[in-house]
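Index from 1, following the sequence.
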Amino acid sequence: MESKDIQSFKNALQISIVYLIFGVLWIYFSDSAVELIASRDVRQITRLQMYKGWFFIGVTACLLFFLSYRILRKQFLEYKRRIFEQAMAQIKLEHHEALLNTIVNSSPDAIFAKDLEGNYLLFNTGAGHLVDASPEKVIGHTDAVLFSPEAADQVQEIDRSIIAGKRILNHEEKLTTAAGQEKIFWVTKGPLFTEEGEIFGLFGISRDITEYKMIQTRLEQQNALLNSLINSSPDAIVIKGVDKRYIVFNEAAAQYAGVPTDFAIGKTADEIFPPETAQIINKLDNELLEKKSFTEHEESMLMANGATYIYWVTKGLLTTDQGETFGIYGIYRDITKARENEQAIIDAKEHFDDMAHHDPLTKLPNRLSLVETLEIKTYQKEDHPFALFFLDLDGFKEINDSYGHRFGDELLILVTQLLRSIFPQDTFIARTGGDEFVMLLSCQKNKDEIHHIMQRLIDTLNHPFNIDETEVYITSSIGIAMYPGDTTNAEELLQKADAAMYNAKKMGKNTYSFYHPKFTENALQRTTVSTQLKKALHNNELKLYFQPQVDVHTGSIIGAEVLLRWPTPEGMISPSLFIPIAEESGLILEVGEFVLSKGCQIAAQWSKEGILHGRIAINVSARQLTHINFVTTLDRIIQETQCDPKQIELEITETSILENPNKMISLLTLIKAKGFNISIDDFGTGYSSLSYLKNLPIDKLKIDQSFVRNVTHEPKNQTIVKTIIALSKGLNMSVLAEGVETKDELEFLRQSGVDSIQGFYFYKPMLPEELERLLSR
């Protein structure tokens, strides 16, 4: 650049010198010529001087024109070149940007960038798919819109450390999304620098590896299980590649061969076994590979320790799905002693027979042994009366889940020892299931001995078991069926004892119950009702009734509770009958979805017609609320019915909250954020925890009708009602009283501060058509 400027200077200097010489020569010779031509004529000299000046000006003007034209044209061409280069650069930049956007948004991985405050500058489509959020929703916001508060704090802390350390980091991040999904990401993050080297943000590339980690975990578990099974097997199990080198050589094989497993891996039979044994193995392998066959046979082999063993050999080929052979497997069972002594086979048979009839953990007879024993004892009918006890441990699953299966196994062993100590020595005791035991006790027709044994068992179970220095309590529910009094059939005896045990559960557990014929009737009724209820659901036979809720001060209708009814040709079936059966059978999920869908549909219709000026209250069962797909189902119903969530009040029970309070706080907060109102139904009948109640997003408490009934004559009920009202007001909740039937009850509740009531005093439950007419008026 500098050399070009010097050359330009020289050229300009040369032009100036030429022009100077030309000018000097022109002036000198032109003046001389004028004097020569004009002699001393002044006017002629003046005119010639003027013509000379014009000529000089014209010549210099022409020179100036050509020089200017040359310079300006060069500048113009340079300008056009630069404009063209800029245009091409702009097109190239746009192509690069389009290419970059296409690559970024075509990537299934999340690609993002943030500024120093954690606000997203870039958030590609792949990132949106991973966390179920659109880029438009995320850009300009922080991680708080994508993840739970704890996860967002975790991400921001990692980002700060990366920026502070000015380093690129590859790591796993286990995060909980705003929707509550737990995901694992493999993330590459690093700082973004300006041209001056200053950090202005952070970039990241993230891949969802949740499924991969699950698959990896399952594979590791499967490999561990496979290795455990292979190495736990008493048989020698070996696998070799087509090159006949061992790749699996389990502990039993190592023991038989007399060499360590690590030594055998990677070696051939010639390098491990004596020559004659290696020859047998190689010959068999060659036949398998040649014939693509499978073999089971007996083989005598000399081992490295000099001993000869007889094996039952199972050998075959390992093939891919395409039929390509990639290895040979072999299973060697030592049958030396079996061949030397046939008695070993008989002993083994007895051993396996014992295993088939006994529980391996407690060593008690199992269900197979119980059935055989019952068939023998019932064969002679009434000659030998006995009692069958069906015992089920209460809450054993919770203990297993809390302390682990080893702990649970120890508990079952201790329970077995306890049963042996409580029942007479000749009692037949069997373990028929996970936490189920059956006892057969010979007895006379009186039940005094049974009562004595049962009371002693229950009293003993009131003391804790000590396992690993941990005290644990467990109770039992026991059903008792008498032979031949209740039945002479072995299978029916078990069924009736089971029905009696179910009744003991209903009585509150930690007790026992003798069989009664009504138990069978109840079980049959439960099965019948469950079957008919499923049909009623599919045939749309269930109906919704609505009971208005009234403002206690104005008497106006401010909402209505949805009540499910089941009309049949024989009459109305009480919800107190079919709802518990629906809970037990799992049908409550379908029933609950039906009520939600129908209730939202009617609410949307009334709102569209302009007659609904309150909320429709819909009960949600504990099982329905805690189901993994509840929120998804709720969203789908709202979308299908086009119902505004603000028109719906979801009624939940206290028990559903206390099963998992922290989870319920998160779940109800999410539901509340969608616009739903939330109330606690039948408040005071459960076991409320005020420590959780204050953190729950509850809008209303509903006082159970058991406290409202005769409230004007029951001082204790008055105290409870006033306490609930005061509690509601203190927690900024509204309060509704259910079951109001008299004017005195209404006046007491109004004076006590109740906001609204529901009961027969104003309205009974009615069909939606009736309530629609009432609202229209």
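Contact annotation: the side chain of L393 approaches that of V415 to within less than 4.5 Å [non-hydrogen atoms, C-beta and beyond]. At least one side-chain heavy atom of L461 sits under 4.5 Å from a side-chain heavy atom of S476. Residues N366 and L370 have side chains not in contact (no heavy-atom distance under 4.5 Å, counting atoms from C-beta outward). Under the 4.5 Å side-chain criterion, counting only non-hydrogen atoms from C-beta, L650 is in contact with L596. Contact of the E561 side chain with the P765 side chain is not registered, since no non-hydrogen atoms from C-beta on lie closer than 4.5 Å. Under the 4.5 Å side-chain criterion, counting only non-hydrogen atoms from C-beta, F578 is in contact with L564. Annotation: side chain of K598 is not in contact with side chain of V562 (no heavy-atom distance under 4.5 Å). Looking at F465 and I474, their side chains come closer than 4.5 Å, going by heavy atoms from C-beta outward.
Judged by distance alone, the side chain of T427 and the main-chain N or O of I429 form no donor-acceptor pair under 3.5 Å. Judged by distance alone, with hydrogens and angles left aside, the side-chain atoms of T488 form no donor-acceptor pair with the main-chain N or O of P484 at under 3.5 Å. Looking only at distances, a side-chain donor or acceptor of N250 sits under 3.5 Å from a matching main-chain atom of I237. Without hydrogens or angle criteria, N489 side chain to E492 main chain gives a donor-acceptor distance under 3.5 Å. With hydrogens and angles disregarded, no donor-acceptor distance shorter than 3.5 Å links the side chain of T416 to the backbone of T362. The backbone N or O of G180 sits nowhere less than 3.5 Å from a side-chain atom of T176 that would complete a donor-acceptor pair. A donor-acceptor distance shorter than 3.5 angstrom exists from the side chain of D704 to the backbone of S706, with no hydrogens or angles considered. Side chain of N539 to main chain of K535: a donor-acceptor pair is present (N/O by atom type, distance under 3.5 Å, no hydrogens or angles).
Contact check on D468 versus R406 returns a salt bridge, with a Lys/Arg side-chain nitrogen under 4.0 Å from an Asp/Glu carboxylate oxygen. Salt bridge annotation for K534-E590: present, with a cationic side-chain nitrogen under 4.0 angstrom from a carboxylate oxygen. D486 has no carboxylate O lying under 4.0 Å from a charged side-chain N of K496, or vice versa, which leaves the two without a salt bridge. Between R367 and D359, none of the side-chain N atoms (NZ, or NE/NH1/NH2) sits under 4.0 Å from a carboxylate O, so this pair counts as no salt bridge. Using a cutoff of 4.0 Å between basic side-chain nitrogens and carboxylate oxygens, R709 and E738 are not scored as salt-bridged. A salt bridge links E651 with K702: at least one charged nitrogen is closer than 4.0 Å to a carboxylate oxygen.
One finds the OG1 atom of T632 at 10.0 Å from the NE2 atom of H627 (value rounded to the nearest 0.5 Å). Atom CG of L419 sits about 6.0 Å away from atom CG of L391, to the nearest 0.5 Å. Remark: L412 CG to L364 CG distance equals 10.0 Å, nearest 0.5 Å. Interatomic distance, L589 CG to T633 OG1, rounded to the nearest 0.5 Å: 8.5 Å. Taken to the nearest 0.5 Å, the CG atom of D498 stands 7.0 Å off from the CD atom of E436. Here I478 contributes atom CD1 and K509 contributes atom NZ; the two are 14.0 Å apart, rounded to the nearest 0.5 Å.
Scanning both residues, C443 and M482, for their nearest heavy atoms gives SG-CE, 3.8 Å. What you find for A497 and A481 is that their closest heavy atoms are N-CB, 3.8 Å. For the residue pair K543 and P567, the shortest heavy atom distance occurs at CG-CG, 3.8 Å. Pairing each heavy atom of N466 with each of L414, the nearest pair is O-CD1, 4.3 Å. Between P580 and P575, the shortest heavy-atom contact is CD-O, 3.6 Å.
In this structure, M507 places its CE atom where more than 12 heavy-atom neighbours from other residues, nucleotides or ligands lie under 6.0 Å away. Within 6.0 Å of CZ in R623 there are more than 12 heavy atoms belonging to other residues, nucleotides or ligands. Counting non-hydrogen atoms of neighbouring residues, nucleotides and ligands closer than 6.0 angstrom, the CD atom of E491 reaches no more than 12 such neighbours. The number of heavy-atom neighbours closer than 6.0 Å to CD of E296, taken from other residues, nucleotides and ligands shown, is above 12.
Stacking of K377 on the aromatic ring of F386 is recorded, both the 6.0 Å distance cut-off and the 45° axial limit being met.
At a cut-off of 3.5 Å, with distance as the only test, a side-chain donor of D394 or T475 sits close to an acceptor on the other residue.
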Take R636 and E593 through the test salt bridge (Lys or Arg N to Asp or Glu O under 4.0 Å) and record every step on the way to the result.
-> CA-CA 11 Å; R636 176 175 54 77; E593 184 174 340; 2.4 Å; yes

Check against side-chain contact (heavy atoms from CB on, under 4.5 Å), L587 and S530 | CA-CA 8 Å; L587 281 174; S530 177; 3.9 Å; yes

Test log, rule side-chain contact (heavy atoms from CB on, under 4.5 Å), inputs S666 and L670 = CA-CA 6 Å; S666 300; L670 175 62; over 6 Å; no

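Aromatic pair F437/F390: centroids not less than 6.0 angstrom apart.
For the pairing with P365, the side-chain contact (heavy atoms from CB on, under 4.5 Å) check across H358, E372, R431 returns one residue only, H358.
Note: F389 and F423 have perpendicular aromatic rings, judged against thresholds of 30 and 60 degrees for the angle between ring planes. In this pair, F514 and Y512 present their aromatic rings perpendicular. The plane angle is above 60°, beyond the 30 to 60° band.
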